[in-house]
Novice: 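One structure follows; several queries about it will come next.
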Amino acid sequence: MNKRKKIVIFGGGTGGVFASYELRKLLGKEHQITLIEKNSNYAFPSSFLWLMIGERKPEEIVSPLTKMLPKGIEPVFGEIRSIDLKNREVEVNSNKISGDYLIVALGAELMKEPFGLKNYHTFYTYEGSIKLRDALEKFKGGTVGIVVASSPYKCPGAPHEGAMLLDAYFKKRGIREKTEIHLFTPESQPLPAAGQVLGEAVQKLLEWKGIKFHPLYKPIKFGPGENEISFEGKGNVKLDLLILIPPHQGSHIVKVSGLSGQGDWIPVNRQTLETQYENIYAIGDAASVTLPGKWKSDLPLSLPKAGVFAHTGAKAAARRIAAAVGGETPTETMQGEGYCMLEMGNGIAGFAYGNFYGEPSPEVNLKTPGKFWHYGKALFEKWWLSPPGLRRFILGEMIEIGSKMAGIPSAV
Ligand SMILES: Cc1cc2nc3c(=O)[nH]c(=O)nc-3n(C[C@H](O)[C@H](O)[C@H](O)COP(=O)(O)OP(=O)(O)OC[C@H]3O[C@@H](n4cnc5c(N)ncnc54)[C@H](O)[C@@H]3O)c2cc1C
């Protein structure tokens, strides 16, 4: 049982980096942990919203991945071209890399040229947020629309946060009075997978900020005019500034490998994160985790695609692998508890927390918005981007204390 094992992590984003920390902590040096990633730099997605409104500089939210990984991880930089599930082997940089255990953390891809659009505004990418920041600086007032193209998409809180941050940004610039902010989504309420209570609370926040929320608006066509958009059964809307949350899709190589079956996302056991293939786990956005609760016929039955679940999924998968490597029966599970800090502008954030695996419905509530949650989010950003060592340790300790004060499980 003490035989040297090889664990290979696909993807060096949120889930992959967390899994590497957990595995390195739990496994002896004789076991080899390899992480394969196509990008050498990591950009922190939660901060794209701050980047959009000029509250972060681009260089403040990026770090070379090698600086973020713990010691004793072998990073391989290159694009995975194919996955051989039977032999647990991938092709990268014309080499083959195989493992006794695999963790697939390849995330979600944004559709290229959605609705035939070559150029559009979004805060869902690093480059997009910089371009949008420049457009916002020139914006003198008018009708702004955030349009969610389809579900599922990463971080279902982000479009709502984006709208509230724009409200604060336009107020600061003195152009809010002559600006309308709209949020269109094909969903029936904000964050449907978090349940009715949270959806109503977020809708109230939007109303309070004068943001017009349009549920059940499914975009089907852009044009003919610039910033003109057709919604199924609702007609056309003309905007002065259109911000798109593009359609999301699963990794192409995952689909070709057969790991996701006929669909985009990899079906996994919601407690163990195991796929149907032996010793292959899938975590984070790439995975499809079916929720046990069903309270509304249009409820997206899957766990939201969010960093918090990439994190808890990584922990569960890594601990299960470590137990198996040590000859024990794995017992660690993911329990469906999650949280989301909802930025509202002016240094205030709300905090949604609860159990997404609740039955008959997810049990997620919004705590009173305040500065505490905003500082918590900023602290998490600094911790996440800091290299292993004293600074990271101190920031981690601060997060532990903050989590205890808030009465929630540790976020790190
Ligand atoms: C604007 C925005 C705000 C957000 N805010 C929050 C928030 O406040 N809280 C929260 O919990 N979540 C938030 N999220 C969501 C969160 O960022 C994702 O859910 C999380 O990053 C998913 O982690 P992952 O490891 O599954 O995927 P990712 O972090 O996307 O990592 C996947 C990695 O795989 C790599 N990869 C893909 N294909 C290949 C290949 N073929 N070869 C090699 N490497 C490959 C990619 O380069 C990437 O680094 C936000 C997302 C956005 C866009």
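Atoms within a ligand are numbered from 1 in the order they appear, just like the ligands themselves.
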Novice: So, Lys171 and Asp167, do they make that salt bridge, N to O below 4.0 Å?
Specialist: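 Between Asp167 and Lys171 there is a salt bridge, with a charged N closer than 4.0 Å to a carboxylate O.
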Novice: Considering heavy atoms of the protein only, find what lies nearest to atom 29 (O) of ligand 1 and give residue, atom and distance to 0.1 Å.
Specialist: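 For this ligand atom, the closest protein heavy atom is Thr14 N, 3.1 Å.
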Novice: Determine whether the side chain, the backbone, both or neither of Arg81 has a heavy atom under 4.0 Å from any heavy atom of ligand 1.
Specialist: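 Neither part.
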Novice: Evaluate the criterion side-chain hydrogen bond (donor to acceptor under 3.5 Å, both in side chains) for residue pair Glu127 and Ser129; output intermediate values, then yes/no.
Specialist: CA-CA 5 Å; Glu127 296 77 15; Ser129 303; over 6 Å; no
Novice: Would you mind checking which non-hydrogen protein atom is closest to atom 45 (C) of ligand 1, with the distance to 0.1 Å?
Specialist: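 Here the nearest protein heavy atom works out to Leu106 CD2, 3.6 Å.
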Novice: Any atoms of ligand 1 less than 4.0 Å from a non-hydrogen atom of Gly107? List them with their elements.
Specialist: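 By the 4.0 Å cutoff, the relevant atoms are 26 (O), 27 (O), 32 (C).
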Novice: For ligand 1, note which part of Glu37 has a heavy atom under 4.0 Å away: side chain, backbone, both or neither.
Specialist: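 The answer is both.
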Novice: Using a strict cut-off of 4.0 Å, indicate which atoms of ligand 1 neighbour a heavy atom of Tyr124.
Specialist: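 That gives atoms 53 (C) of ligand 1.
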Novice: Centres of the Tyr339 and Tyr353 rings: under 6.0 Å?
Specialist: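 Here the rings of Tyr353 and Tyr339 have centres that are no less than 6.0 Å from each other.
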Novice: Among all protein heavy atoms, pick out the one at the shortest distance from atom 51 (C) of ligand 1; state its residue, atom name and that distance to 0.1 Å.
Specialist: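 Residue, atom and distance for the closest contact: Pro45 CB, 3.7 Å.
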Novice: Answer with yes or no after comparing the ring centroid distance for Phe123 and Phe48 against a 6.0 Å cut-off, counting only values under it.
Specialist: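 No.
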Novice: Counting both backbone and side chain atoms, is some N or O of Lys377 under 3.5 Å from an N or O of ligand 1?
Specialist: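 Looking only at distances, the answer is yes, because the N/O contact criterion of under 3.5 Å is met.
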Novice: Would you mind listing every ring-ring contact (aromatic ring centres under 6.0 Å, His included) that reaches into residues 237-289, with sequence neighbours excluded?
Specialist: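 Every ring-ring contact (aromatic ring centres under 6.0 Å, His included) pair that includes a residue of residues 237-289, provided the two are not neighbours, is Tyr124-His248.
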Novice: May I ask you to check if ligand 1 and Met341 share an N or O to N or O distance below 3.5 Å?
Specialist: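 No, since none of the N or O atoms of Met341 sits under 3.5 Å from an N or O of ligand 1.
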Novice: Run the ring-centre check on Phe18 versus Trp384 and record whether the distance is less than 6.0 Å.
Specialist: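 Centroid separation for Phe18 and Trp384: below 6.0 Å.
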Novice: So does Glu278 have more than 12 non-hydrogen atoms from other groups sitting under 6.0 Å from CD?
Specialist: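 Atom CD in Glu278 is not crowded, with 12 or fewer foreign heavy atoms closer than 6.0 Å.
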Novice: Pull out every atom of ligand 1 sitting under 4.0 Å from any heavy atom of Gly284, numbered as shown with elements.
Specialist: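 Answer, ordered by atom number: 26 (O).
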Novice: Provide, to 0.1 Å, the distance between atom 42 (N) of ligand 1 and the closest protein heavy atom, together with that atom's residue and name.
Specialist: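 Nearest protein contact, heavy atoms only, for atom 42 (N) of ligand 1 is Ile80 N, 2.9 Å.
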Novice: Take every heavy atom of Ala105, measure it against each atom of ligand 1, and state whether any distance is under 4.0 Å.
Specialist: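 Yes; Ala105 lies near enough to ligand 1 that a heavy-atom distance drops under 4.0 Å.
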Novice: Check each of Lys204, Gln203, Gln196 against Glu200 using the side chain to side chain donor-acceptor pair (under 3.5 Å) test, and report the only one that passes.
Specialist: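 One option only clears the test, and that one is Gln196.
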Novice: Got a sec: does the NZ of Lys404 have more than 12 other heavy atoms crowding it under 6.0 Å?
Specialist: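 Incorrect, the count does not exceed 12.
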Novice: Quick check for you: to the nearest 0.5 Å, what is the distance between Glu74 atom CD and Gln32 atom CD?
Specialist: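 Glu74 atom CD to Gln32 atom CD measures 4.5 Å (nearest 0.5 Å).
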Novice: To check your reading of the model: name the closest protein heavy atom to atom 9 (N) of ligand 1, its residue, and the distance in Å.
Specialist: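 Its nearest protein heavy-atom neighbour is Ser46 OG, 4.0 Å.
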Novice: Check each atom of ligand 1 against the heavy atoms of Lys305 and keep those under 4.0 Å away; list them by number with element.
Specialist: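 Counting atoms of ligand 1 from 1, those under 4.0 Å from Lys305 are 19 (O).
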Novice: For atom 24 (P) of ligand 1, which protein heavy atom lies nearest, and how many Å away is it?
Specialist: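 Atom 24 (P) of ligand 1 sits closest to the protein heavy atom Gly15 N, 3.9 Å.
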Novice: Can Glu22 and Arg319 be counted as an ion pair, charged N to O under 4.0 angstrom?
Specialist: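 Salt bridge between Glu22 and Arg319, a charged N being under 4.0 Å from a carboxylate O: yes.
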Novice: Give a yes/no verdict on whether any heavy atom in Ala314 is under 4.0 Å from an atom of ligand 1.
Specialist: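 No, Ala314 has no heavy atoms under 4.0 Å from ligand 1.
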Novice: Considering heavy atoms of the protein only, find what lies nearest to atom 31 (O) of ligand 1 and give residue, atom and distance to 0.1 Å.
Specialist: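 Sorting protein heavy atoms by distance from atom 31 (O) of ligand 1 puts Gly13 CA, 3.2 Å first.
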Novice: Can you list the ligand 1 atoms lying under 4.0 Å from a non-hydrogen atom of Asn39?
Specialist: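 Matching atoms, with element in brackets: 47 (O).
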Novice: May I ask you to list the atoms of ligand 1 that are less than 4.0 angstrom from any heavy atom of Phe123?
Specialist: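 It comes down to these atoms of ligand 1: 1 (C).
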Novice: At less than 4.0 angstrom from any non-hydrogen atom of Ile253, what atoms of ligand 1 do you find?
Specialist: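 Once the distances to Ile253 are compared, the set is 41 (N).
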Novice: Which residue holds the protein heavy atom closest to atom 19 (O) of ligand 1, what is that atom called, and what is the gap in Å?
Specialist: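 Protein heavy atom at minimum distance: Asp285 OD1, 2.9 Å.
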Novice: Does only the side chain of Ala306 get under 4.0 Å from ligand 1, or the backbone, or both, or neither? Count heavy atoms.
Specialist: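 The part of Ala306 near ligand 1 is both the backbone and the side chain.
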Novice: Can you confirm whether or not the ring centre of Phe309 sits under 6.0 Å from the ring centre of Phe356?
Specialist: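 Yes; Phe356 has its ring centre under 6.0 Å from that of Phe309.
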Novice: Has His252 got any heavy atom lying under 4.0 angstrom from an atom of ligand 1?
Specialist: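 Judged by the 4.0 Å heavy-atom criterion, His252 does not count as contacting ligand 1.
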Novice: Counting N and O atoms only, with roles assigned by atom type, does the side chain of Glu37 sit under 3.5 Å from a partner on the main chain of Gly12, one being a donor and the other an acceptor?
Specialist: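 Pair found, side chain donor or acceptor close to backbone of Gly12.
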Novice: Can a side-chain donor-acceptor contact be found between Tyr153 and Glu187 if the only test is distance below 3.5 angstrom?
Specialist: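 Short answer, yes.
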Novice: If you count the atoms of ligand 1 from 1 in the order shown, which ones are under 4.0 Å from a heavy atom of Gly307?
Specialist: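 By the 4.0 Å cutoff, the relevant atoms are 10 (C), 11 (O), 12 (N), 15 (C), 16 (C), 18 (C), 19 (O), 20 (C).
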